[in-house]
Amino acid sequence: MSPPLLKLGAVLSTMAMISSWMSQTLPSLVGLNTTRLPTSDTLTQISPKEGWQVYSSAQDPDGRCICTVVAPEQNLCSRDAKSRQLRQLLEKVQNMSQSIEVLNLRTQRDFQYVLKMETQMKGLKAKFRQIEDDRKTLMTKHFQELKEKMDELLPLIPVLEQYKTDAKLITQFKEEIRNLSTVLTGIQEEIGAYDYDELHQRVLSLETRLRDCMKKLTCGKLMKITGPITVKISGTRFGAWMTDPLASEKNNRVWYMDSYTNNKIVREYKSIADFVSGAESRTYNLPFKWAGTNHVVYNGSLYFNKYQSNIIIKYSFDTGRVLAQRSLEYAGFHNVYPYTWGGFSDIDLMADEIGLWAVYATNQNAGNIVISQLNQDSLEVLKSWSTGYPKRSAGESFMICGTLYVTNSHLTGAKVYYSYSTKTSTYEYTDIPFHNQYFHISMLDYNARDRALYAWNNGHQVLFNVTLFHVIKTEDDT
């Protein structure tokens, strides 16, 4: 509060000085500094012929100087020197009067500002007192939050150590890519300056080395789901569409299976573009009706659940024949343990980077999810894991790198809520949201080749992008 108070004192001091100056200097400006001024109550008779004379001077209640003068007779020459001096004096007095008014207004404004600042400082003082009282509580809470964050980050330390091993290699790749980009750009300006075959070999060599580096990427952990991208709108509210994760890069066939029951027709398209345009290339009439929407195409064959049974069918697209069929022991079927939306979705067949899987529930596991790894040729169960997550409470599920991810609903607001790792036989609760744009998901499967989730969303065929956290294998890894 000190600076505003100093400013107010300076203004009042300035006003006093101006008043004193007017009372002492005014007579000298008109050439009457030798004349003795009477008091405000005394009347002195002065002849008008003597020119302009100060009659009286005093101060008003506000401290301003008031002067009374006697003018000469009217027939005096207008160019009289004392007349000019008086006019100049009046102008100066008027200017000073206006300046004093401005100073007065500023003084009042600054005074109000001082009062406002005083109120604010009192409020701040009270807040500081409250903060001091709560300091220990706040520090304890913040310390606990920081400790929990550190506990979450501790598992990342060994992962970061592995990343350090390949840091120089990745830096070298970046530098080579930057150099090649510069060279290729220069070719546009100087054709023939570099040998094309040599550059081509350098590009091929770099591509090979990058592919070798990519092979070091182990299976990743799901971190984020983005999208969806709407590919097409077709069919009923429920269905499935898919591509083969083991197909070559040039083979982009799409298979389409509308409805969750009472159907045996599978439609094939040569590419995503043909699927979007509706250019169907072939249809297959299966020997059995399917149940649910949780089918999978894997290595050229279709795997599906036979209607009203717990039997799994392997059907070859190339031969048009059933290659294998096997009963999934104890698995519930025909809406005994479906996902939350029903639709005979008791048995979910899926594939990931590791192989072929079946997800279902049994009475022996109290209706909770069971994960079984299958032999893709014989459909024999290689190994099973029993989880504690109720199958009927799951919206959908999918496998990535041997870990099952379960959503908590098939409706708007769904998120990946639970995961179970078959590698460690452990589970954790997660919180990975995704946008259920069309309000009802009846099929959600991961494709390892595309690194994407295929979904049937209320008659819309959509794709979700996934972000995985990878661990780079080093030369020391076995």
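Because only heavy atoms are used, hydrogens play no part in the values below, and waters and symmetry mates are left out as well, while side chains stay in.
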Taking the side chain as C-beta and beyond, is there a heavy-atom pair between [X] and [Y] under 4.5 Å?
| X | Y | answer |
| --- | --- | --- |
| Y417 | D431 | no |
| Y360 | N310 | no |
| Q373 | I354 | yes |
| L222 | L468 | yes |
| L374 | I312 | yes |
| T422 | I371 | yes |
| F464 | I229 | no |
| S378 | K314 | no |

Determine whether the side chains of [X] and [Y] contain a donor N or O and an acceptor N or O closer than 3.5 Å.
| X | Y | value |
| --- | --- | --- |
| S271 | N252 | no |
| N335 | R392 | no |
| S372 | S384 | yes |
| E268 | T283 | no |
| T230 | H460 | no |
| N408 | S393 | no |
| N263 | W290 | no |
| N436 | T412 | no |

> Within a reach of under 6.0 Å around CZ of R267, are more than 12 heavy atoms found that belong to other residues, nucleotides or ligands?
Replying inline: no
> OH of Y389: more than 12 outside heavy atoms within 6.0 angstrom?
Replying inline: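 Yes, because the 6.0 Å sphere around OH of Y389 holds more than 12 heavy atoms from other groups.
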Minimal non-hydrogen separation, [X] against [Y], with atom names:
| X | Y | result |
| --- | --- | --- |
| L379 | R326 | O-CD, 3.2 Å |
| Y446 | M399 | CD2-O, 3.2 Å |
| V297 | P245 | O-CD, 3.2 Å |
| I369 | N365 | O-ND2, 3.3 Å |
| Q461 | G459 | NE2-O, 3.8 Å |
| V370 | S386 | CG2-OG, 4.4 Å |

May I ask you to check whether [X] and [Y] place their ring centers less than 6.0 Å from one another?
| X | Y | answer |
| --- | --- | --- |
| Y256 | F275 | yes |
| F304 | Y315 | no |
| Y427 | Y418 | yes |

What's the separation between atom [atom1] in [X] and atom [atom2] in [Y], rounded to the nearest 0.5 Å?
| X | Y | atom1 | atom2 | answer |
| --- | --- | --- | --- | --- |
| Y260 | S442 | OH | OG | 10.5 Å |
| I432 | S419 | CD1 | OG | 7.5 Å |
| D445 | L453 | CG | CG | 8.5 Å |
| H410 | F238 | NE2 | CZ | 8.0 Å |
| M443 | F398 | CE | CZ | 12.0 Å |
| K289 | N305 | NZ | CG | 14.5 Å |

>> Checking E428 against K221 for the salt bridge (charged side-chain N to carboxylate O under 4.0 Å, His left out) test, could you report, in this order, the C-alpha distance in whole Å, the side-chain angles of both residues, the deciding distance, and whether it holds?
In response: CA-CA 12 Å; E428 65 175 329; K221 179 179 180 180; 3.3 Å; yes
Any ion pair linking [Y] and [X] (charged N to carboxylate O, less than 4.0 Å)?
| X | Y | answer |
| --- | --- | --- |
| K270 | E280 | no |
| R253 | D244 | no |
| K391 | D346 | no |

> Taking it one step at a time, do V406 and V416 satisfy side-chain contact (heavy atoms from CB on, under 4.5 Å)?
Replying inline: CA-CA 6 Å; V406 181; V416 177; over 6 Å; no
> Can you tell me if W456 uses its side chain to pair, donor with acceptor, with the backbone of T236 under 3.5 Å?
Replying inline: yes
> What residue among T407, T293, D348 forms side-chain contact (heavy atoms from CB on, under 4.5 Å) with Y339?
Replying inline: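 When T407, T293, D348 are each tested with Y339, the side-chain contact (heavy atoms from CB on, under 4.5 Å) holds only for D348.
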> Would I400 and D352 satisfy side-chain contact (heavy atoms from CB on, under 4.5 Å), going step by step from the backbone distance to the final call?
Replying inline: CA-CA 5 Å; I400 299 180; D352 67 353; 5.6 Å; no
>> Please verify the inter-ring angle class for H334 with F344; under 30° counts as parallel, over 60° as perpendicular, anything in between as tilted.
In response: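 Aromatic pair H334/F344 classed parallel.
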> Could you walk me through whether D258 and I265 pass the side-chain contact (heavy atoms from CB on, under 4.5 Å) check?
Replying inline: CA-CA 8 Å; D258 192 11; I265 303 300; over 6 Å; no
>> Applying side-chain contact (heavy atoms from CB on, under 4.5 Å) to F288 and S309, what does each step give before you reach the verdict?
In response: CA-CA 11 Å; F288 311 106; S309 74; over 6 Å; no
>> Could you go through N447 and T243, starting from their C-alpha distance and side-chain angles, then the distance that decides it, and tell me whether this counts as side chain to side chain donor-acceptor pair (under 3.5 Å)?
In response: CA-CA 8 Å; N447 186 293; T243 60; 2.9 Å; yes
> With a cut-off of under 6.0 Å to the ring centre and 45° to the axis, is K232 in cation-pi contact with Y269?
Replying inline: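 Positive - K232 is close enough to the ring of Y269 and near enough to its axis.
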>> Here's a test for you: under ring pair (Phe, Tyr, Trp, His ring centres under 6.0 Å), which of Y454, W241, Y298, F317 qualifies with W255?
In response: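 By the ring pair (Phe, Tyr, Trp, His ring centres under 6.0 Å) criterion, W255 pairs with just one of Y454, W241, Y298, F317: F317.
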